[in-house]
There are 2 protein chains.
Amino acid sequence: MSQRPTLQTVARAAGVSTATVSQVIRGSGRISEETRKRVLRAVKQVNYVPDGRASAMRSGQFREIGLLIHEIANPFNAEVISGVSDHLENEGYLVSVLDSRDDPVRQRRHLETLIGSARGGLLWVPAQEGSEEVERLILAQRVPTVTFLRRPHSRAFDHVGIENREATRQATAHLADLGHRHIAFFGGDKDVESRLDRIEGCRAVLAERGLPPPVVWPCPDSKRAGLEHLGRLLQAHPRVTALVCNGDMVALGALQALLRSGRQAGSDLSVIGFDDIQDAALAMPPLTTMSVQPYQLGRRLARTLVERIREPGLPPASVAVPATLVRRESCGPPKTQKG
Amino acid sequence: MSQRPTLQTVARAAGVSTATVSQVIRGSGRISEETRKRVLRAVKQVNYVPDGRASAMRSGQFREIGLLIHEIANPFNAEVISGVSDHLENEGYLVSVLDSRDDPVRQRRHLETLIGSARGGLLWVPAQEGSEEVERLILAQRVPTVTFLRRPHSRAFDHVGIENREATRQATAHLADLGHRHIAFFGGDKDVESRLDRIEGCRAVLAERGLPPPVVWPCPDSKRAGLEHLGRLLQAHPRVTALVCNGDMVALGALQALLRSGRQAGSDLSVIGFDDIQDAALAMPPLTTMSVQPYQLGRRLARTLVERIREPGLPPASVAVPATLVRRESCGPPKTQKG
DNA sequence: ATAGATTGGTATAACGTTATATCAACTGTC
DNA sequence: GACAGTTGATATAACGTTATACCAATCTAT
């Protein structure tokens, strides 16, 4: 029963040393054309595939990247991940994606696994809680790390975030320009920093224009939650005519709720989303939203990590990418306009 | 500048040998309570995390699983992956998910990466083309492998599939029972084996009941494609009153198309999906579909792989999981019934 | 013809672990 | 107080690579 082929297997088949085979495979060193061909033939013949683990260990070149995020299934995150994978795979890295579910215990376990196996680099969305203690761990291992979406405590990491405040400023201004006076901020879990920034942007614009402060209504960032909570929100605050949403998923849920109750998004209620996931453009009606281009965001994230890997000495950098208003059909002037 | 901590670092800090540290960490061998505590303190102090790579290489115990699939972004696949990850992570494995995009070149490249780095096991949906040649590669490495959804050429792999034919039999029978006579099979790429099986099931029921054979209308398995193709299908075949869809995504697209043109799914056109992704229940109207419980399917897949890893000697097994009809609101009797 | 450079390859040690063998220091037994 | 048995630790080799040093053979220039 033959074992899996190693350099030894190939070397014996080609009648050369393992060092020679290694050089042929990596294209380094000085090898005659003749032996090169002979070795490559042997590689094919025995179905040899290099052991990345051993190679990484010896050479110190790690090609495995870990991505730890709070919710894989969320479509926004999925699109980001897709961008990350595309870019890193093209650069020859292997990406392992793990889901912390925003649970500190799971986060710690996954992080230890990644640090132990994916020493090439780390892309990390810190969980809502218990992230401070694990930062020490990452720092001690000197794994190139880029955090994103949520800020860690330590400033030693590169970070890619979103211009949350400015984004909701634009969104709210757009609704106010349309004539809306009673605006709600809809969705998101209570203490998430990015959400608080978004609420801030919304509140600021309303204050500047002398309009009443937003009704703030938290709920999970899912379509189902948006669908279920919209009715309650409108019942509690019947004067609200427009929604700034914390994410496209709750916005899409709100759209569904309107559809089910026979109301028209865009006239009965204006809805503006956040993220611009693919489904936003396909909804009924197509969703006006603050686009952060999640796929492109993912690619940018990947680029940032690759640069960090190449230049470990550079001081940590932090960027915030802007969101742009994409006008579709879920917003319009309020139906009944009272002085 | 301190390097990342290794067994050496811990050993020096605790004043013992590396062998001792290793034994303490793995809980093997005979170690006094006193040294055990001393070592654990040192581990904490230097923030040591074991190198999974080196450990795996020496012990031959691989804890990294590769998952290669034709499209990660597809929600059905995403739910399957979620089930796989949950189960395998609980068993202490690290899962790397790669996307072949149904492209033979990408598939081969990814497969070599996985074989080289994720020697613990492989979960694989063979790409539409070019899969035969890479099977040799996998076989030669003796990596425990389970294929799913699509059958490979070799019968040497474990396989988990779906009872496609029986599923569309049920779906079609349901529509026929409601009184539909002109039924279309909607969606899916042309030569995919599973789709052909599904069409077969549909065709068989119609033949048994003396009804005309289904209109078969291929299109990509996406919401956008479903949305765009429905109009063309109905224009070309105006007598069609019901759709058996190749997946929930095209079905959801069809629902959107109806919504946009002011028609009622369930009365103007009956639509039955396939998969039962989470959005199916949230659609307008909620989608009747053949449920294969994607999350559970993923867990089952993971279990199958774990069993294969534990018992490498067992002969390869193949299972087909059944789909069950979930009645929601997108199906009803046809509007105009002609003899 | 001979020193020096070039070409084509090999031997060897190391990466961070763990399995195996080994060993010194105690125990208890008769 | 000599013997086996137990306890608690260590030295060493190996996993599959690759970086380094090295060497023999051939070539170039004087």
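Every chain is numbered from 1, with letters handed out A, B, ... down the list of sequences.
Between Val16(A) and Arg30(A), the residue whose closest nucleotide on DNA chain C is further toward the 5' end is Arg30(A). Comparing Ala54(A) and Thr20(B) along DNA chain D, the residue whose closest nucleotide (by nearest heavy atom) sits nearer the 5' end is Thr20(B). Nearest-nucleotide positions on DNA chain D place Arg36(B) closer to the 5' end than the other of Arg26(A) and Arg36(B).
Of the candidate nucleotides dG16(C), dG8(C), dT10(D), dG16(C) has the atom nearest to the side chain of Thr6(B). Counting only heavy atoms from C-beta on, Asp51(B) has its side chain closest to dG16(C) among dA19(D), dG16(C), dT18(C).
For dT10(D), the OP1/OP2 oxygens have a side-chain nitrogen or oxygen of Ser17(B) closer than 4.0 Å. For Ser22(B) and dT18(C), the shortest distance from a side-chain N or O to OP1 or OP2 is below 4.0 Å. Taking only side-chain nitrogens and oxygens, Ser32(B) comes nearer than 4.0 Å to OP1 or OP2 of dA9(D). The side chain of Arg53(A) contributes no N or O atom lying less than 4.0 Å from OP1 or OP2 of dC15(C). The side chain of Thr35(B) places an N or O atom within less than 4.0 Å of a non-bridging phosphate oxygen (OP1 or OP2) of dA9(D). For Ser55(B) and dT18(C), the shortest distance from a side-chain N or O to OP1 or OP2 is below 4.0 Å.
Taking 3.5 Å as the limit, the base of dT18(D) and the side chain of Arg58(A) contain a donor-acceptor pair of atoms between them.
Within 4.0 Å of Ile31(A), counting heavy atoms only, lie sugar-phosphate atoms of the nucleic acid but no base atom. Heavy atoms of Phe62(B) sit nowhere under 4.0 angstrom from any nucleic acid atom. Nucleic acid contact for Gln8(B): none, since no nucleic acid atom lies under 4.0 Å from a heavy atom of the residue.
Atoms CD (Gln61(A)) and C1' (dT18(D)) sit 11 Å apart, rounded to a whole Å. One interatomic measurement links the two molecules: CE of Met57(B) to C1' of dT18(D), which rounds to 11 Å at whole-angstrom precision. Spacing between atom CZ of Arg63(A) and atom P of dT17(D) amounts to 17 Å, rounded to whole angstrom units. Atom-to-atom, CD of Glu34(B) to P of dT7(D) comes out at 17 Å; the value is rounded to the nearest Å. Regarding Leu7(B), its CG atom lies at a distance of 15 Å from the C1' atom of dT12(D), rounded to whole Å. The interatomic distance linking Arg4(B) (CZ) with dT17(C) (P) rounds to 7 Å, in whole Å. Rounded to whole angstrom, the span from the CD atom of Gln23(A) across to the P atom of dT12(C) amounts to 16 Å. Between the P atom of dG9(C) and the CD1 atom of Ile25(A) lies a distance of 15 Å, rounded to the nearest Å.
Each of Leu122(A), Val143(A), Ile309(A), Leu94(A) was compared with Ile65(A) under the side-chain contact (heavy atoms from CB on, under 4.5 Å) criterion, and only Ile309(A) meets it.
Arg150(A) has a carboxylate O that lies under 4.0 Å from a charged side-chain N of Asp102(A), or vice versa, which qualifies the two as a salt bridge. Ion pairing of Arg310(B) with Glu307(B) is absent here, as no side-chain N (NZ or NE/NH1/NH2) approaches a carboxylate O to less than 4.0 Å.
Closest approach of Thr147(A) and Pro152(A) over heavy atoms only: OG1-CD, 3.5 Å.
Residues Gln128(A) and His70(A) have side chains that never bring a donor and an acceptor to within less than 3.5 angstrom of each other.
Here the CD-CG distance, from Glu133(B) to Leu111(B), works out to 10.0 Å after rounding to the nearest 0.5 Å.
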